[in-house]
Amino acid sequence: MESAGQHFTCDSPAKAQLGSITASTRMSWINRGRMLKSAYVSGLILSASGMLLMGPDSMLLRLVSTTNTAEIILFRTLFIGISLALAARLLFGRSLLHSIKRLDRLGWLAVIGLTGNQLGFVIAIGLTSVANTLVLLATILIFAAIFGRIFLGERVPPRMVVAISLALGGIVIIFAGSIGLGTITGDLAAIATAALYALYIVFLRQTDTEIMLVTLCLSALFAALITLPLAIPFEVTGQDFTILLFLGGLLLPLAFVLFFSGARYLPAAEVGLLALLETVLGPLWVWVGIGETPQPAALAGGALVVSAIVINALCLLWPGNGQPAAQAGQRSSPAG
């Protein structure tokens, strides 16, 4: 009896201590999940805001009178590069050349890939129909999911598969009447553009804000340099120059920084889903700003895409689904 009593008195504090540790661990995981969900919400807001700012891009480009696409790309990307270089200087107190020294082999590959992405879009528009280009660019959803799985080990949950399917269906509805009017070369250029964009999204998850700005800046400057011979002689008017200065010097740099900053907190597939907002909101901006009424198919398809994005986010943020959100936030925490 004595030994039993001794056993009881020794065992009770141990059980109490074990219970205390278990409760503490549980609270730690709960708090960690809340923090990661908060990071996910922050990333969602940043990326969605960036896409909303990119929306007027199509409308404002319609107001540019020059028909030389290379000239538009030249001034647009040149102003983007200069603006981002100034932003990096103000934020980090270092010159662009000093920041460039931080780029490793992966960083330079990202610059080359993003430059190819910007030029690939122009090539695709020139060689195939706009409808084909935009529909095929929507394959960024698929590429982002694949590359996220290969390079980051991200699993695509069933809700994301449903959201991707709905979004792709919406894009097809928007451009169904115009698909098939292009060439295979232009179609392949559009697919390559989507793949390069998805790879850059994956790259962002491995780097910090300064490197992000540097790669965006250099890719824009390289694209401007490559298009320079095709842009001469210049035909832009004063109004054209003002519009391109506003786009490249303010609106698009801010949109890029917001979108790609948020992308560092989100799974790659979800970033690809948010990227479709520009495609579906562009026609609405043209409608509001210029009065060009979108077709019913564009409204229906756009509503389907936006619904897929909203429902996907709500499913992840719904009370009780904190663990998936936490996992997403943990995988996508920025490097610096």
Side-chain angles (χ1 to χ4, degrees), residues 35-60 80 87 117 134 137-138 140-145 148 154 156-157 159-160 162-171 174 194 197-198 200-202 204-205 209 212-213 216 247 250-289 298-299 301-318 321-322 324-329 331-334:
M35 292 176 60
L36 293 173
K37 180 177 283 191
S38 176
Y40 172 85
V41 172
S42 299
L44 192 65
I45 292 174
L46 286 171
S47 290
S49 299
M51 282 295 104
L52 290 175
L53 283 178
M54 288 186 200
D57 185 24
S58 301
M59 177 195 70
L60 292 173
I80 289 174
N117 166 268
L134 294 178
L137 283 178
I140 183 178
L141 286 170
I142 300 172
F143 284 116
E154 293 178 346
V156 181
R159 61 168 177 80
M160 196 65 207
V162 173
I164 290 175
S165 301
L166 289 175
L168 290 176
I171 294 296
I174 293 172
Y197 197 81
Y200 185 73
I201 290 173
V202 171
L204 286 177
R205 304 276 295 284
T209 303
M212 178 193 74
L213 286 176
L216 285 171
L247 276 176
L250 178 62
L251 188 65
L252 293 179
L254 180 58
F256 287 153
V257 169
L258 287 173
F259 177 71
F260 288 121
S261 293
R264 296 167 59 218
Y265 294 83
L266 300 172
E270 301 211 24
V271 179
L273 186 62
L274 286 172
L276 295 186
L277 278 176
E278 181 186 12
T279 301
V280 300
L281 294 180
L284 295 181
W285 277 104
V286 174
W287 184 16
V288 173
L299 295 176
L304 188 58
V305 173
V306 173
S307 298
I309 295 172
V310 172
I311 293 173
N312 174 69
L314 290 178
C315 286
L316 194 55
L317 295 174
W318 193 264
N321 285 344
Q327 292 173 351
R331 287 192 305 268
S332 46
S333 298

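Keep in mind that this is a model prediction, so the values were computed, not measured.
Within the model, atoms CG of Leu276 and CG of Leu168 stand 7.0 Å from one another, a figure rounded to the nearest 0.5 Å. Here the straight-line distance linking atom CH2 of Trp285 with atom CG of Leu52 works out to 8.5 Å at 0.5 Å rounding. To the nearest 0.5 Å, atoms CG (Leu266) and CG (Leu204) are separated by 11.0 Å. Within the model, atoms CG of Asn312 and OG of Ser307 stand 12.0 Å from one another, a figure rounded to the nearest 0.5 Å. Atoms CG and CG, on Leu166 and Leu304 in that order, are 5.5 Å from each other to the nearest 0.5 Å. Rounding to the nearest 0.5 angstrom, the gap separating the CD1 atom in Ile142 from the CD1 atom in Ile164 is 7.5 Å.
Pairing each heavy atom of Met51 with each of Leu274, the nearest pair is CG-O, 3.2 Å. The heavy-atom pair separating Ala313 from Leu44 by the smallest distance is CB-CD2, 3.7 Å. Heavy atoms only, all atoms of each residue included: Ala145 and Val156 are closest at CB-CG2, 3.8 Å. Phe259 and Ala275 get closest at one heavy-atom pair: CZ-CB, 4.1 Å. Here the closest non-hydrogen pair linking Ala167 and Ala308 is N-CB, 4.1 Å. Met212 approaches Val257 most closely through the heavy-atom pair CE-O, 4.2 Å.
Contact annotation: the side chain of Phe260 never approaches that of Leu213 to less than 4.5 Å [non-hydrogen atoms, C-beta and beyond]. Side-chain contact check for Met160 versus Glu154: every heavy-atom pair is 4.5 Å or farther apart. Met54 has its side chain within reach of Phe256: a pair of non-hydrogen atoms, C-beta onward, lies under 4.5 Å apart. Proximity of Leu273 to Val305: side-chain heavy atoms (C-beta onward) are nowhere separated by under 4.5 Å.
Under the side chain to side chain contact (heavy atoms under 4.5 Å, CB included) criterion, Leu53 pairs with Leu251, Leu254, Ala255, Leu258, not counting sequence neighbours.
Formation of a donor-acceptor pair under 3.5 Å by the Arg159 side chain with backbone atoms of Ile311 is not found in this model.
Taking the six-membered ring where the residue is Trp, the centroids of Phe143 and Tyr197 are separated by 6.0 Å or more.
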